[in-house]
Structure formats: C-alpha cells, structure tokens
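Report on the following structure.
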Amino acid sequence: MRRLIDRLEQNHCLEKEEWIALIAEQKDAEYLFERARSVSRRYYGNAVFSRGLIEFTNYCKNNCYYCGIRRENRGVSRYRLSKEEILDCCKKGYALGFRTFVLQGGEDVYYDDERLADLVRSVKAAHPDCAVTLSVGEKSKESYQKLFDAGADRYLLRHETADAIHYGRLHPKDLTLAARMDCLWHLKEIGFQVGCGFMAGSPGQTPECLAEDMLFITKLKPQMAGIGPFIPHHQTPFKDEAAGSVELTLYLIGLLRLLKPNLLLPSTTALGTIDKNGRERGILAGANVVMPNLSPVGVRKKYALYDNKICTGDEAAECCKCLNARMKRIGYEIVAHRGDPAEEPGGNYVQRNVSQSGGIYQ
Ligand code: 5AD
Ligand code: FES
C-alpha cells in the first residue's frame, strides 16, 4: 500500500481499482497520515483555518433518510433566525477573530433568493473583510448567480456520494445525484469557491462508492471537501444503522490531502462527536480547517443532524477557547484571516500568516 500512497502523493491521481484497494484495506494508516501532514505543512505551515458556522434555519423541505432535520421528523422544534440575529452572530464572531462566516440551513422556502441575497449583502456590508459562505442546498443556476452577485464568496454542497445507486439509498426519489452534480458544476462555473463532500460509513457505502467519490473530487477540483462520519439520528429511517468509524474518516482525510495538497479539509464536528479527540486526530491526518458554531446557544440543540452532537451547550467564545487549546496542544495554530486556498506550497501562509497568527486569539 505504501507504493500506492507514494504514487498518490506524486501524481495526485489513482485508477479506480487502486482507490478501491487502498480504501478496502486501510493499511499503512500511520504512514499515510505522516505523508499527509508533511504535505499540509508544506502548503499551510501549522495554520488551521476557522470558519464561523451559523445554523440559521432548521426548516427543510427535503427528506434525506440520514438527516435529523428532515421534513418528516415531527419531533424537531423548528426555528429560523432573523437577519438581525444572524448579524449579531457575525458581530460576535468577528470580535472573536472569525473572518469567514458560513450561513448554513435546511432547504427553507422562506429564505428565497431575495431574502438570502439581502442577508449576504448585509453581512458583507458589516464585514467587508470577511468571506461569506452559503450552505443552503440545491438551487437553480440563476438563483446561485443572484447569491454570487450579492457578494457570496463560497458555497458548500456535499455531494453525499458519487455513486448513483448509493445516492438513491440515502435519499427519496425526488433527489438525484445528477441534479446534485449539476448544482456543483453550476457553482463552479459561476465562480464560487466550492465545497463538496460526503459522510464516511453511510449505510450501503462500499469501497467502490468511496472510489467514485475520489474520482469525482479529482474531476471537480473543489476548493474544499467536508468529510465526517455518518452518525445515526434516532428519529430518522437510519436510526438502527451503524455509525461510520473514526479510522475510515481519518484515512479518507489523509488520502484527500495527498490527492489535492491545497484542499481545504475541515476536521468536522461529527468527527469530534464520535471520538473525544476526533478533531485533533483529523488535523493530524491532514485536515486544516475547523468550523466552530456561532449559532445562539438557545437554538443549537434544534440543529441536530445526528445524535449526541458536541458543543450544543457552549457559547461561541467557549468553543473558540477550547478549540484554540486543542490545536495548540498538537502544535497547530488557529489563524484569523479568510483562509483562501493556497495557490502554491508555502506561499502566503507559511512565511507570513503563520508568524502573525494568534494575535486575536491569544
Ligand atoms: N451524520 C453525519 N452527518 C450528517 N449530515 C447530515 N446528517 C448526518 C448524519 N446523520 C451531513 C450531510 C450534510 C451535512 C450538512 O451534514 O453530509 O450535507
Ligand atoms: Fe465547542 Fe470544545 S469546541 S466546547
């Protein structure tokens, strides 16, 4: 397996059968993580980027089998933050050092193009030095264009799986892989920095499915890929399914770092939920982003995509302190800037930003 890992590091691509072999066996994990860390260091030094996540609505018109806020879950108490509340989260986040805000929500029809565009314009007007990321699901190309024109910089839309049959196992019929992929290509064409991604260990996932994910990411060339373990939610059709493992999640993070050295790879909350040191382990496997929650504490428990989600009782400031300490302990430093992807090894990050880092956070 070392041979394949070395080849991936050198050539940034593998054949489908090679991906399958690597993923099915998960051998030489420590070696993979070592290589992945060395690539991360070359591109980003010891910098970890932070994105402030604002979960602004848990209304959703979709019914994905894995997701706790699916339409048919009557047990969810639904909420929607107002523009003022969202701006207040950003203001607090700005004071804590955040320079990227991720506005994430279910597919909520109340937040139509006009309201979303207005929201983006308001956040950008209040914080012109910040990047705004949207994560609000599938829309037409025209809608995406309006949001881009309003000033949104980035868009996160996990593809969930690049295998059409597996996609059908995770979603009701009205959602298709083809439509999801069209969205991602449209976002790229418009000029967004794009994030795709998938869950590790979702029901029905095979090494073949994961190989397809790797090939899709090779083709799409997203700026970010969000990988977290699947965790069952007790009020969904997948309540009795097994969770994805930490080991598989870390292995996939390591592979992705070698596949695309400058990729933004979050060490996710889901990873921190299945392992108390999951987020540290993610960074040590090649991840370079953390996304602390800036949502008001009063609504956090209501944005439960899966069971036992961490950080639902903590104020944003506490999470920042906690994460800063966690990163420091493993030799990394959360930096306070937008954290756009590096165009070349080292570049702006290793020489300048890393040495500047920490100011706001200390
Ligand atoms: N476990 C882990 N991740 C989940 N997501 C949704 N439901 C779950 C779950 N039960 C992920 C999906 C979605 C992202 C916002 O959260 O990949 O795209
Ligand atoms: Fe939220 Fe540790 S990051 S409490």
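When a residue number appears, it is its place in the shown sequence, counting from 1. For ligands, and for the atoms within them, numbers begin at 1 and follow the listed sequence. Excluded from the calculations below are hydrogen atoms, water molecules and symmetry mates; all remaining heavy atoms, backbone and side chain alike, are included.
At the top of the distance list for atom 15 (C) of ligand 1, counting protein heavy atoms only, stands Leu305 CD1, 3.8 Å. At the top of the distance list for atom 2 (C) of ligand 1, counting protein heavy atoms only, stands Pro229 O, 3.2 Å. The closest protein non-hydrogen atom to atom 7 (N) of ligand 1 is Tyr66 CD1, 3.3 Å.
When the options Met199, Glu55, Arg70, Arg158 are ranked by their closest heavy atom to atom 4 (C) of ligand 1, first place goes to Met199.
Ring planes of Phe101 and His127: tilted class, angle from 30 to 60°.
Judged purely by atom type and a 3.5 angstrom limit, Asn262 uses its side chain to pair as donor or acceptor with the backbone of Ala342. In terms of modelled atom types and a separation under 3.5 Å, the side chain of Arg300 and the main chain of Cys311 share a donor-acceptor contact.
In this structure, Arg326 fails the cation-pi test against Tyr332, since its NZ or CZ atom is not both closer than 6.0 Å to the six-membered ring centre and inside 45 degrees of the ring normal.
Residue-level proximity to ligand 1 for Pro232 is absent, since no heavy atom of it falls below 4.0 angstrom.
Between Glu160 and ligand 1, an N or O atom pair is found at a separation short of 3.5 Å. Considering backbone and side-chain atoms together, Ile231 places an N or O closer than 3.5 Å to an N or O of ligand 1. For a threshold of 3.5 Å applied to N or O pairs, the pair formed by Gln104 and ligand 1 contains no separation below that value.
Between Asn293 and Ser295, the side chains place a donor N or O and an acceptor N or O closer than 3.5 Å (distance only, hydrogens not considered).
With a 4.5 Å cut-off on side-chain heavy atoms, Val297 and Asp314 do not count as touching.
The closest approach between Gly244 and ligand 1 stays at or above 4.0 Å for every heavy atom of the residue.
Across Glu138, His171, His159, a single residue satisfies side-chain hydrogen bond (donor to acceptor under 3.5 Å, both in side chains) together with Arg180, and that is Glu138.
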